[in-house]
There are 2 protein chains.
Amino acid sequence: MSSEHMQIGEVGARTELALRTIRHYEATGLVAPSACSQGGFRLYTREDVARLKAIRRMQPLDFTLEQMRDLLAVTDRLDSDEEMTAYERQSLLRRVREYEEHAVWQVEKLRAQLAEAEEFAQTLRKRLSRDRDRDRDRGRDRNRDRDRDRATTS
Amino acid sequence: MSSEHMQIGEVGARTELALRTIRHYEATGLVAPSACSQGGFRLYTREDVARLKAIRRMQPLDFTLEQMRDLLAVTDRLDSDEEMTAYERQSLLRRVREYEEHAVWQVEKLRAQLAEAEEFAQTLRKRLSRDRDRDRDRGRDRNRDRDRDRATTS
DNA sequence: CGCTACCGTGACGTCGAGGTAAAGTATGTG
DNA sequence: CACATACTTTACCTCGACGTCACGGTAGCG
C-alpha cells in the first residue's frame, strides 16, 4: 500500500483480474510490473493497472494475447516521442488499421451473438410460461406445488 | 443422400459446424446421430440437425457443453408426453429457470462487452486519424507515402 | 520470534475447438 | 469384378487461456 507501488493482490482487486491471469499476462509479455521488492514481490504502478484495464477492454474483441501484446507495443511506439522513419510509422499505422478492422468485425459478431442470445433467452422464457400453464391445468388439486412454484418465480 | 438420413458431411454443411465439432458434441453427449450405416457411418435426421443448430444458438450464452446437454435433456423430458410426477416437473422447471437466469445475465454481459468493444474500436479509430494528421504535418515532402495511406484507408 | 496474510514458482488439469494420421466404407466407372 | 477416389471412422495430438494444487518464501505486526 505504498504511495507508489502496489502488489499483485491490490492490482487484482482493482482490475478484477485473477492473480493467476495477471501473472500469465506477464509471462506472455503483456504487462510487466514496473518494480520488484527485494524479496521478489511484483510491484505495480497505477499505469500498469491502466494497461491491465486496457487489456481487459480488449478481451471481448477476441484478440489473442499475442495480438494484444503486439498492439500495445505498436501504440507504445507511436506514443513515444523518439525518432522514427516514415517507413516505420507507415508500417505501425498499418498494423493499427488491421487491428481496428478486426475490432470492427468482431463488434459485428458480438452484435449478432447478442441477438441470438436474446432470442434464445426469449425461447426459454416462453417455455417457462407455457409449462407453467400446463402445470396449472394438470395440477388443480395440488395447491402446495403451485404455491412453491409461484414463490420461486416471483 | 437418402431421403431420411444424411451423413456427417451434409450435416456439417447445413449447420456450419466442423465435422470434428459435431463428433465432439456427440462424445460429450450432446447430440447422437439417430442412426448408423452398417459400415459404421453416422446418419442424421433433420431433427438432429435442428438440435445442432439450437446448440449453436446457445453458444454465445457461454454455457458449458455439459450445461447444454443438461438443458436439452430437460426440455426433451418436458416435451415428452410420458407420465411424470409433479415433483419431477417442478424440478425440471426449476432447472429451466436457472438456465434462463443464466441466459439473462449473460445477455447483460454481452451487452456490456459490446459497449466496451465499440468503445475500444472507437479509440483505435481516433488513434488512426490523429496519427494520420500528425503524419501529414511531418511529411509534407513525402507525397507518395500520403497517397498510399489514403488509398488503404478509404 | 512467531504469527498470519499474502506472494512466488512449477507442474499439471481443464475446457472447447480443431488438426492429423491410418485405416475402413460408400459409390461410380470400366 | 476391380479399382479409384471421396468420404468416414477412431485415436491421439495441439492450442489458448486460464484454474488448481502443493509447497515454500516474504511482509509486517506484536
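For clarity, every value in this text was computed on a predicted model and none was experimentally measured. The chains referred to below are lettered A, B, ... by the order of the sequence lines, with proteins before strands, and numbering in each begins at 1.
Residue contacts shown for B:Phe63 are absent, as no nucleic acid heavy atom lies under 4.0 Å away. At a threshold of 4.0 angstrom between heavy atoms, the contacts of A:Glu26 with the nucleic acid are absent. Among the atoms of the strands shown, only primed sugar atoms or phosphate atoms (P, OP1, OP2) are found under 4.0 Å from some heavy atom of A:Ser37. Using a 4.0 Å heavy-atom distance criterion, A:Glu66 is classed as making no nucleic acid contact.
Consecutive pairing runs in DNA chain C reach the stem threshold at C:1-30 with D:1-30, where a stem means at least three Watson-Crick or G-U wobble pairs with distances under 3.5 Å.
Using a 4.0 Å cut-off, some side-chain N or O of A:Tyr25 falls inside it from OP1 or OP2 of D:dC18. For B:Gln7 and D:dT9, the shortest distance from a side-chain N or O to OP1 or OP2 is not below 4.0 Å. In terms of phosphate contacts, A:Thr21 brings a side-chain nitrogen or oxygen within less than 4.0 Å of OP1 or OP2 of D:dG19. Between A:Gln59 and the phosphate of D:dA17, there is no side-chain N or O to OP1/OP2 separation shorter than 4.0 Å.
Ion pairing of A:Glu16 with A:Lys53 is absent here, as no side-chain N (NZ or NE/NH1/NH2) approaches a carboxylate O to less than 4.0 Å. Using a cutoff of 4.0 Å between basic side-chain nitrogens and carboxylate oxygens, A:Asp76 and A:Arg51 are scored as salt-bridged. In summary, A:Glu26 and A:Arg42 engage in a salt bridge, as defined by a charged side-chain N under 4.0 Å from a carboxylate O.
Between B:Tyr44 and B:His5, the ring center distance fails the sub-6.0 Å criterion.
For the pair B:Met58 CE and C:dG16 P, the interatomic distance rounds to 13 Å; values are reported in whole Å. One atom, CG of B:Asp62, and another, C1' of C:dG16, lie 11 Å apart when rounded to the nearest Å. Atom CD in B:Glu16 sits roughly 17 Å away from atom C1' in C:dG18 (whole-Å rounding). B:Leu65 has its CG atom 13 Å from the C1' atom of C:dG18, to the nearest Å. One can place CG of B:Leu17 at 13 Å from P of C:dG19, the figure rounded to the nearest angstrom. The distance from atom CD1 of A:Ile55 to atom P of D:dA17 is 12 Å, rounded to the nearest whole Å. Here the P atom of nucleotide D:dA11 and the CZ atom of B:Arg23 are 12 Å apart, to the nearest Å. Rounding to whole angstrom units, CD of residue B:Glu10 and C1' of C:dA26 are separated by 15 Å.
On a pure distance criterion of 3.5 Å, no polar donor-acceptor pair joins the side chain of B:Arg42 and the base of D:dT9.
Counting only heavy atoms from C-beta on, A:Arg20 has its side chain closest to D:dG19 among D:dA17, D:dG19, D:dA11. The A:Phe41 side chain lies nearest to D:dA27 when the options are D:dT8, D:dA27, D:dC18. Distance from the side chain of B:Thr64 is smallest for C:dG16 among the nucleotides C:dG16, C:dA17, C:dA26. If you check C:dA17, D:dT9, C:dG8 against the side chain of A:Ile8, the one that comes closest is C:dG8.
B:Arg56 and B:Gln59 share no side-chain donor-acceptor pair at under 3.5 Å.
If you take CG on A:Asp62 and CD on A:Gln67, they are separated by 8.5 Å, rounding to the nearest 0.5 Å.
If you find the closest nucleotide of DNA chain D to A:Thr28 and to A:Gly40, the one lying nearer the 5' end belongs to A:Thr28.
Under the 4.5 Å side-chain criterion, counting only non-hydrogen atoms from C-beta, B:Thr123 is not in contact with A:Arg57.
Annotation: B:Glu108, atom CD; neighbour count of heavy atoms from other residues, nucleotides and ligands within 6.0 Å is above 12.
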